[in-house]
Amino acid sequence: MGNSFLVTTAIPDPGLQLLSDAGRVTVLPEPPDYGTLAALCASGEYDVVLTQLRDVMDAPLLADARVKGVSNFAVGYNNIDVEAATRHGILVGNTPGVLTDATADIAMLLILGTARRVVEADRLVRDGKFLGWEPELLLGRDVSGAVLGLAGFGRIARATARRALGFGMEVLFSPRPPGDRPVSYQELGEFAGKVRQVPWNELVARSDFLSLHVPLNDQTRHLVDAEVLGRMKPDAILINTARGPVVDESALAESLRNGTIAGAGLDVFEDEPRLAAGLAELPNTVLLPHVGSATVAVRSEMARLSALNAVAIAEGRTPPHPVNHLARA
Ligand SMILES: NC(=O)C1=CN([C@@H]2O[C@H](COP(=O)(O)OP(=O)(O)OC[C@H]3O[C@@H](n4cnc5c(N)ncnc54)[C@H](O)[C@@H]3O)[C@@H](O)[C@H]2O)C=CC1
Ligand SMILES: O=CC(=O)O
C-alpha cells in the first residue's frame with residue numbers, strides 16, 4: 001500500500017476505486033495550472049500522475065518530475081512529451097480502443113449533421129419559425145453516394161469507414177498524410193475491395209467530406225491549412241474529431257466565410273475551449289465541445305484502463321497500454 005497516485009481531475013468509477021485499492025489517492029479539487037502541476041510532480045510525493053489531455057506535461061516539467069509514470073485519461077497523448085518522458089525514465093500509458101466506436105459515432109454524426117443542416121433546422125423550430133412543410137425548406141445534401149476521405153487509417157478512421165459504407169458512401173483514405181505509406185491488401189482486412197487508398201493530394205481534391213483521424217504531432221500540426229482548404233471542392237465539408245491544431249482554425253473560419261469550402265463539423269478546436277474569431281457565428285458549422293468519447297460506458301472503461309496503467313507502473317510492471325518503453329538498466 002506504499003503507492004501514491006495524483007489524479008488531476010476526478011475520473012468516473014471504477015477508476016478511483018481501483019487506484020485506492022492499490023494505494024493512496026489524491027484528487028485535485030480543480031484542474032491544476034501548469035505551475036501547480038509542475039510543483040506537484042516535482043514534490044516526490046507521487047508515484048504516478050493520472051492526467052487529462054489539457055494537462056501539459058512538457059520537457060521542462062518532466063525533467064524535474066519525480067514520478068515513475070504518467071497515465072493519460074485519453075488515447076491521444078499530444079499533451080505529453082513522450083520523448084522527454086522516456087529520456088527521464090518515466091513510463092506513459094493511454095486508453096486505446098475503448099473509445100473507438102463512440103468517437104466514430106461522433107464523426108458520422110458530424111457528417112450527417114453538417115450535410116442535413118441539423119443545427120440550423122433545430123434553431124428554426126425552437127425560434128418558432130417552422131410554419132409547415134415546404135418544398136425548399138433547409139435543403140441539404142445527400143450522404144449516400146458522396147465521397148468520404150479519411151486522413152489516417154487507424155482505429156477510429158476504420159470505425160468511421162464501417163459506418164460510412166453502411167450509409168452508401170464511397171470511402172477513400174490516406175493512411176499517413178501528407179506523406180504516403182502503402183497499406184497491403186492483408187492490412188486492409190475487412191475493408192479490402194471496399195475502400196481505396198489515394199495520395200493525400202487526391203484525397204483533398206476528391207472528398208465531399210474530409211474527415212481527420214490522425215494524432216497531433218509535428219508532422220500533422222496544421223495538416224489542413226489555407227493552401228489545403230483552397231484545394232478542396234467548394235461544396236466540400238471538413239470533419240475534425242482528431243485534434244484542433246491539425247487544422248489552421250483561423251484559415252478554416254475564413255474559408256467558411258468566403259465560400260472556399262461549404263461547411264465544417266468540429267468536435268475539437270485549436271485552442272480549447274476558445275474558438276477562432278467568427279467561427280461560432282457561421283451557420284455552416286456544427287460545433288461540439290470535444291465529446292467524442294463522452295458516453296457513460298466509454299468514460300468508465302477509460303477510467304478503468306487509466307487506473308490499471310497507473311497501478312501497473314506504480315508496482316513496477318509494464319502497463320497494459322504503454323505509449324513508451326524504457327531501456328532496461
Ligand atoms: N474527439 C475525441 O474526443 C477523440 C479524439 N481522438 C483523437 O483521434 C486520434 C486517433 O485515434 P486512433 O484512431 O485511436 O489512433 P490510431 O493510432 O489507431 O490511428 C492513427 C492513424 O493516424 C496515422 N498517422 C498519420 N500521420 C501520422 C503521424 N505523423 N504520426 C503517427 N500516426 C500518423 C496512423 O498511421 C494511423 O493510421 C487520437 O490520436 C486523438 O487525438 C481520439 C479519441 C477521442
Ligand atoms: O480526445 C480524446 C482522446 O481520448 O484522445
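Along the sequence shown, residues carry numbers from 1.
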Would you tell me whether Asp21 and Gln17 have side-chain atoms, one donor and one acceptor, within less than 3.5 Å of each other? yes
Which is it for Asn78 and Arg243 under the side-chain hydrogen bond (donor to acceptor under 3.5 Å, both in side chains) test, yes or no, and what are the steps along the way? CA-CA 9 Å; Asn78 51 284; Arg243 282 290 183 270; 2.8 Å; yes
Backbone of Val296 reached by a side-chain donor or acceptor of Ser300 within 3.5 Å: no
Same apolar cluster: Val7 and Leu18, side chain cutoff 4.5 Å: no
Are the side chain of Asn258 and the backbone of Thr260 linked by a donor-acceptor contact shorter than 3.5 Å? yes
Is a donor on one side and an acceptor on the other found under 3.5 Å between the side chain of Ser184 and the backbone of Glu187? yes
As a quick check of understanding, evaluate side chain to side chain contact (heavy atoms under 4.5 Å, CB included) for Arg274 and Asp271, giving each step before the final call. CA-CA 5 Å; Arg274 282 168 287 277; Asp271 185 23; 3.0 Å; yes
Between Asp81 (side chain) and Val56 (backbone), is there a donor-acceptor pair under 3.5 Å? no
Would you indicate whether the side-chain heavy atoms of Asp47 and Phe5 approach each other to under 4.5 Å? no
Candidate pair Asp180 and Arg176, rule salt bridge (charged side-chain N to carboxylate O under 4.0 Å, His left out), full reasoning: CA-CA 6 Å; Asp180 265 336; Arg176 210 181 160 84; over 6 Å; no
Smallest heavy-atom separation, Ser174 atom then Pro199 atom, equals OG-C, 4.2 Å
Determine yes or no for a side-chain-to-main-chain donor-acceptor pair under 3.5 angstrom, with Asp267 supplying the side chain and Val291 the backbone. yes
As a quick check of understanding, evaluate side chain to side chain contact (heavy atoms under 4.5 Å, CB included) for Leu50 and Thr8, giving each step before the final call. CA-CA 6 Å; Leu50 199 145; Thr8 65; over 6 Å; no
For Gly145, is there any backbone N or O sitting under 3.5 Å from a side-chain donor or acceptor partner on Glu170? no
Side chains of Thr51 and Asn72: is there a donor and an acceptor less than 3.5 Å apart? yes
Among side-chain atoms of Arg24 and Asn3, is any donor-acceptor pair under 3.5 angstrom? no
Under the 3.5 angstrom rule, does the side chain of Arg221 hit a backbone N or O of Val246 as a donor-acceptor pair? no
Less than 6.0 angstrom from the centroid, inside 45 degrees of the normal: does Arg299 satisfy that with respect to the ring of Phe73? no
I want to check something: taking the side chain as every heavy atom from C-beta on, are Ile261 and Ile237 in contact at a cut-off of under 4.5 Å? no
Quick one: salt bridge (charged side-chain N to carboxylate O under 4.0 Å, His left out) partners of Glu254, sequence neighbours excluded? Arg257
Would you kindly confirm whether Leu16 and Leu40 end up in one hydrophobic cluster when ILVMFWY residues are joined by side chain heavy atoms under 4.5 Å apart? no
Give a yes-or-no answer on whether the side chains of Asn79 and Arg54 include a donor-acceptor pair shorter than 3.5 Å. no
Crowded around Glu190 CD? As in, over 12 foreign heavy atoms under 6.0 Å? yes
Can you list the steps and then say if Asp33 with Thr36 is a side-chain hydrogen bond (donor to acceptor under 3.5 Å, both in side chains)? CA-CA 5 Å; Asp33 59 29; Thr36 305; 2.6 Å; yes
Check the surroundings of atom CZ in Arg116: do more than 12 heavy atoms from other residues, nucleotides or ligands lie under 6.0 Å from it? no
Backbone N or O of Pro245 within a donor-acceptor pair of the Glu270 side chain at under 3.5 Å? no
Listed by chain and number, what are the salt bridge (charged side-chain N to carboxylate O under 4.0 Å, His left out) partners of Arg304, not counting sequence neighbours? Glu301
Atom OH of residue position Tyr77 - does it have more than 12 heavy atoms of other residues, nucleotides or ligands inside 6.0 Å? no
Would you say the side-chain atoms of Asp55 pair up with the backbone N or O of Gln52, donor to acceptor, closer than 3.5 Å? yes
If I take atom CG from residue Leu308 and atom CZ from residue Arg317, how far apart are they, to the nearest 0.5 angstrom? 8.5 Å
Looking at Leu266, Val224, Val268, which hits side chain to side chain contact (heavy atoms under 4.5 Å, CB included) with Leu212? Val224
So if I apply the side chain to side chain contact (heavy atoms under 4.5 Å, CB included) rule between Ile90 and each of Val67, Asn324, Val82, which one comes out positive? Val67
Between Phe153 and Phe191, how do the two ring planes meet: parallel, tilted or perpendicular, split at 30° and 60°? perpendicular
Assess whether side chain to side chain contact (heavy atoms under 4.5 Å, CB included) is satisfied between Val143 and Met169, documenting all intermediate values. CA-CA 7 Å; Val143 160; Met169 300 184 86; 3.6 Å; yes
Indicate yes or no for a side-chain donor-acceptor contact from Ser207 to the backbone of Val204 under 3.5 Å, with no hydrogens or angles considered. no
